[in-house]
Novice: 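Please find one structure pasted underneath; my questions will follow.
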2 protein chains.
Amino acid sequence: MQSFTEENYLKVIYHLAEKTETVQTNAIAEQIQTKPASVTDMIKKLADKGLVDYIKYQGVSLTDKGRSAAIDIVRKHRLWEVFLVDKLNFKWDEVHDVAEELEHIKSVDLIERLDEFLGFPKSDPHGDPIPDKHGRFAKTQFIKLIDLKVGDSGTITGVSQHSSAFLKHLEKLGLTLGKQIQITDVTDFDGSVEILSSEKQINISREVAKHILISSNGKI
Amino acid sequence: MQSFTEENYLKVIYHLAEKTETVQTNAIAEQIQTKPASVTDMIKKLADKGLVDYIKYQGVSLTDKGRSAAIDIVRKHRLWEVFLVDKLNFKWDEVHDVAEELEHIKSVDLIERLDEFLGFPKSDPHGDPIPDKHGRFAKTQFIKLIDLKVGDSGTITGVSQHSSAFLKHLEKLGLTLGKQIQITDVTDFDGSVEILSSEKQINISREVAKHILISSNGKI
DNA sequence: AAAAATTTTTAGATTTACCTAAAAATAAAA
DNA sequence: TTTTATTTTTAGGTAAATCTAAAAATTTTT
Ligand SMILES: [Mn+2]
Ligand SMILES: [Mn+2]
Ligand SMILES: [Mn+2]
Ligand SMILES: [Mn+2]
């Protein structure tokens, strides 16, 4: 059984490991909002418990045991987010912080029943996949909107940024999950992207386009 | 903002204060499952924060601020219990431990929406009243079943013991909330009570009868 | 390949919530 | 009203998770 704090470390390492094989001390420190010295201490502890592989100065990676624990926390986080949005009418930009607390509630029974109550959802309000009770989930094939070419079209199926500011902005533009979009132009001047969505022309910055995930249906 | 641990102390002091005006160090220690020395430490801290009134060796009592914080936790605890029973199909004997964790989730918005989602329930699965968002609730007038006389009848509206063993036992006897009962006899030998419930004669021990709360409708 | 910059680790403290053992205060019994 | 028992507090310490400052290792730049 892991402590609240250990669970947060495991989850952060898990997410960082999606980008780089081996995870750096400083990167963890930034995510956890703590100092690198504290991270080193905790890494040693996690290594002693067999949750991470660790070589001094070489970074850290999850063991199978550690990954499985991390996925379990991610599962809880995303199920609670679905609960908050589907049942309690929270907006998709309001759920992250509360889920951050709820994910640490310790009860296998609770999460199984919650899963059932929600109808075994496959993805959370941000389009992220929800692992099943065995930790299995389909690795979804996303393309960043920024990487599409003029003429390409697809459906918004995820976001890679969960900040309230970003999500509220998308909401205002009408760019929510499931929306069909087509790239109509890319501005030479600032690289901003013109898209057609719900029969309206919208201009979004490169920064925004980077964090919108599309399941492409190729050119039309 | 109180810590997880401080909240547990406040809640325990609140419940103990229902029996005695001023609460003893040892009583708190027993409830929290800790040592009296640790309780003294925490009491000092709570006193410094203005949450309890404390005179050395004379016991402790909640200030208005402390009571209001305690009631807020009780509200959360009971709302989560309703959620677990009504929505996730937990039994009334299975919810206490999980609610013990959920009650510490910090989000005013969450609990207001949960309250609404549950239809603003007035009592929890054990018949205990749920304070509203201002901390107000009706002090219900209960009589212990053990205090009824032969011929008296009433409705089971609460229990004063939340252990799984006790609640499972009641369930098996069919003595659940809302059930109508009548006292038919009190055994001379062991003081056990004969009651009529759902057209069946049931014998319950004094110990059980002590913890069943009745809203009496007098003699029939 | 040496110098400079960056990253990571160690050393030594701090805070929170505990603990044990012993002392002090209060309550109960003789 | 002493003596005894119980309750409560103090004193001194531990473990978890954090910190700052300084040392060590690694990486990047010149
Ligand atoms: Mn978390
Ligand atoms: Mn999410
Ligand atoms: Mn609790
Ligand atoms: Mn209850």
Novice: Who pairs with A:Asp64 by side chain to side chain donor-acceptor pair (under 3.5 Å), at least two apart in sequence or on another chain?
Specialist: A:Arg67
Novice: Write down the distance between NZ (A:Lys35) and C1' (D:dC19), rounded to a whole number of angstrom.
Specialist: 8 Å
Novice: Please determine, by modelled atom types, if A:His162 and A:Asp128 share a side-chain donor-acceptor pair under 3.5 angstrom.
Specialist: yes
Novice: Pair up each side-chain donor or acceptor in residues 136-144 of chain B with any protein partner under 3.5 Å, not counting sequence neighbours, and list the distances.
Specialist:
none

Novice: Indicate every side-chain donor-acceptor pair of residues 22-32 of chain A with a distance under 3.5 Å to a residue at least two apart or in another chain.
Specialist:
{"unit_1": "A:Thr22", "atom_1": "OG1", "unit_2": "A:Gln58", "atom_2": "O", "d": "3.1"}
{"unit_1": "A:Thr22", "atom_1": "OG1", "unit_2": "A:Val60", "atom_2": "N", "d": "3.4"}

Novice: Please tell me which of the listed nucleotides, D:dT8, C:dC19, D:dC19, lies nearest to the side chain of A:Thr34?
Specialist: D:dC19
Novice: Does B:His169 have any side chain to side chain contact (heavy atoms under 4.5 Å, CB included) partners at least two apart in sequence or in another chain, and if so, which?
Specialist: B:Leu173, B:Val208
Novice: Which pairs, protein N/O on one side and nucleotides 9-12 of chain D N/O on the other, fall under 3.5 Å?
Specialist:
{"unit_1": "D:dT9", "atom_1": "OP1", "unit_2": "B:Tyr54", "atom_2": "OH", "d": "2.2"}
{"unit_1": "D:dT9", "atom_1": "OP1", "unit_2": "B:Tyr57", "atom_2": "N", "d": "3.2"}
{"unit_1": "D:dT9", "atom_1": "OP2", "unit_2": "B:Thr25", "atom_2": "OG1", "d": "3.0"}
{"unit_1": "D:dT9", "atom_1": "OP2", "unit_2": "B:Thr40", "atom_2": "OG1", "d": "2.9"}
{"unit_1": "D:dT9", "atom_1": "O5'", "unit_2": "B:Tyr54", "atom_2": "OH", "d": "3.4"}
{"unit_1": "D:dT10", "atom_1": "OP1", "unit_2": "B:Lys56", "atom_2": "NZ", "d": "2.5"}
{"unit_1": "D:dT10", "atom_1": "OP2", "unit_2": "B:Lys44", "atom_2": "NZ", "d": "2.6"}

Novice: List the residues meeting side chain to side chain contact (heavy atoms under 4.5 Å, CB included) with A:Glu194, not counting sequence neighbours, and say none if there are none.
Specialist: A:Thr184, A:Asp185, A:Gln201, A:Asn203
Novice: Could you tell me which residues satisfy side chain to side chain donor-acceptor pair (under 3.5 Å) with B:Lys76, sequence neighbours excluded, listed by chain and number?
Specialist: none
Novice: Could you pull out all residues at least two apart from B:Lys56 that satisfy side chain to side chain contact (heavy atoms under 4.5 Å, CB included)?
Specialist: B:Tyr54
Novice: Can you tell me the distance, in whole Å, between the CG atom of B:Asp48 and the P atom of C:dT16?
Specialist: 11 Å
Novice: Which ones in residues 4-22 of chain B lie close to DNA chain C, meaning a heavy atom under 4.0 Å from one of its atoms?
Specialist: B:Thr5, B:Tyr9
